[in-house]
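Convention: sequence-line order gives letters A, B, ...; per-chain numbering from 1.
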There are 2 protein chains.
Amino acid sequence: MKIDPESSADFSAQIAQSIRGAIVSGDLLVDQRLPSEAELADQFAVSRPTVREALKRLAAQSLIRTQRGATGGAFVNRLRFEEAYDQQVTTSTLLLSMNSVSFDVACEARFALERSCAPLAAKRRTPDNLATMRAEIHRQSQPGLTDEAFCASDVTLHRALVDGAANKVLSYQLAGAVEAMQPLMNMITFTARSRERIVDMHTELTNALEAKDAILVDQTLIKLETYTRDLGHSIATANPVRSKKQLKKASSKRKK
Amino acid sequence: MKIDPESSADFSAQIAQSIRGAIVSGDLLVDQRLPSEAELADQFAVSRPTVREALKRLAAQSLIRTQRGATGGAFVNRLRFEEAYDQQVTTSTLLLSMNSVSFDVACEARFALERSCAPLAAKRRTPDNLATMRAEIHRQSQPGLTDEAFCASDVTLHRALVDGAANKVLSYQLAGAVEAMQPLMNMITFTARSRERIVDMHTELTNALEAKDAILVDQTLIKLETYTRDLGHSIATANPVRSKKQLKKASSKRKK
DNA sequence: AATTTTCATTTGTCTTACATATTAATGTCT
DNA sequence: AGACATTAATATGTAAGACAAATGAAAATT
């Protein structure tokens, strides 16, 4: 294990890359303990703080976890779907907000992905999935619901649909698409979105899913997409330049 | 800006979370300079190494970049699609390899996602996309091609198809799915996969795309999925327990 | 005016030290 | 002998101070 002193990159970055490679390639297995920080410092011929910076980089990607104490140390972490979700959502959200992705493009991607699991969901949806969706629809119908709660409920419903496909990999991939869209969706919810129409379509969607009618599910999703994108267009026309401040406000509101 | 000394989490993790929140919420804008490490250490009332560990965590997620020198410091990084790709691929790859995701499930997810951009690609594919695909097909037909090169070419072809949808968000989401499958695909390529049949289907796929025949594109992808999954089943039956070592070897071979 | 020099600022790294968490071994008491 | 407290060892977490190196801006020089 060596690093290149001539490289332009930081030592800590090089060390992190080296260890990351060992994990990805399988040289380091799940739950395996890495050498102690002092040993790593020796092996890489750097100081302990430098090694620590490298380990923190890996910890930030959930590749390792650390434990204090006598039998402690850094261990290769089993990357769980839950953690991967979070990173995916964070990354996707920033990607959208920092790259001036149009509402239209994001929307198109979101529904294309969601529709991709519609046939599977129609086949495999459980009573549990349906119950979740109906519960959210009921919540969405209540008049006193805040805008943020309505949005959160919307996400939960669509997540239930995605989970209906009973494919963890799909659910993971979709999480980013659905959640990252939320800030952009809020932009609309706080203005023109008609809850009644949304609830109607959600009901239609759930019914189609219950009937295992894949085609109808797909059509309903298309309808929902069309409605959403039309709303986006009308907003863009009425108020083409929306300030970052407003967007930010709408985005932060949904946090619990 | 404060942290909780009573919290179970590390200071560096708390500080990173705090700054991450400021970036995600929009309090810190792209290219904005963070306070110097010394100033941050003051503000959070911790030492400089602790602040540095926090900053390295953020750097690992591409949320900030650092620059040395008089006007240097840490700056909020504009997250680019390219960087996001890489993280997605790394995360997805580890997720698959660490969670005993069956080939079948991964395959189903991959093709479901890929098919989701087929209609868009059929509509928007450029001559460029088609040229890339045909070039890869030609490469795949050459007898002397190594297995690794064939796999890489396969990925390039499918990426061209995805890019044909002309939706950056879709391309980003799909990157993880396609690339992360590669190690699992190799498991098959190095054994039973018939290049001839694959090339035939790739050709059919490209022709359908050129003809803007969305339905035929979809059907061909289904055919490809069926063939791939059948192969997976036959492998599983013939050689149910495949050693980690073999997988690792197949996986590392594809790197350039 | 152009060029060179100096200098202040900031990150990158090292060294040393101490605090704290955790386990294992040891010792003590019943 | 067994249960419990003590101690020691090992590891990460944090702090403090120092120097190196990069970088850009200001000052000095030609």
Please give me the minimum heavy-atom distance between A:Gln14 and A:Ser7, naming the atom from each residue.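 The answer is NE2-CB, 3.4 Å.
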Minimum heavy-atom distance between A:Gln173 and B:Ser92, given as atom pair plus value: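 Shortest heavy-atom separation between A:Gln173 and B:Ser92 comes out as NE2-OG, 3.8 Å.
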Assess the side chains of A:Asn129 and A:Thr132: does a donor N or O sit below 3.5 Å from an acceptor N or O?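 No, A:Thr132 and A:Asn129 have no side-chain donor paired with an acceptor closer than 3.5 Å.
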Footprint string (nucleotides 10-17 of chain C, 5' to 3'): B base within contact, S backbone only, - free, heavy atoms under 4.0 Å: BBBBBB-B
Please name all residues satisfying salt bridge (Lys or Arg N to Asp or Glu O under 4.0 Å) with B:Arg48, sequence neighbours left out, ordered by chain then number. B:Glu37
Relative orientation of the end axes in the helix from C:dA1-D:dT30 to C:dT30-D:dA1, expressed as an angle to the nearest 10° (five pairs per end): 20°
Taking the side chain from A:Arg33 and the backbone from A:Gly72, do they hold a donor-acceptor pair closer than 3.5 Å?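 Side chain of A:Arg33 to backbone of A:Gly72, a donor-acceptor pair under 3.5 Å: yes, one is there.
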Is it true that B:Arg65 and B:Asp31 make a salt bridge, defined as a side-chain N closer than 4.0 Å to a carboxylate O?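 Yes, charged N to carboxylate O under 4.0 Å.
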Can you tell whether the side chains of A:Glu53 and A:Lys56 come within less than 4.0 Å, N to carboxylate O? no
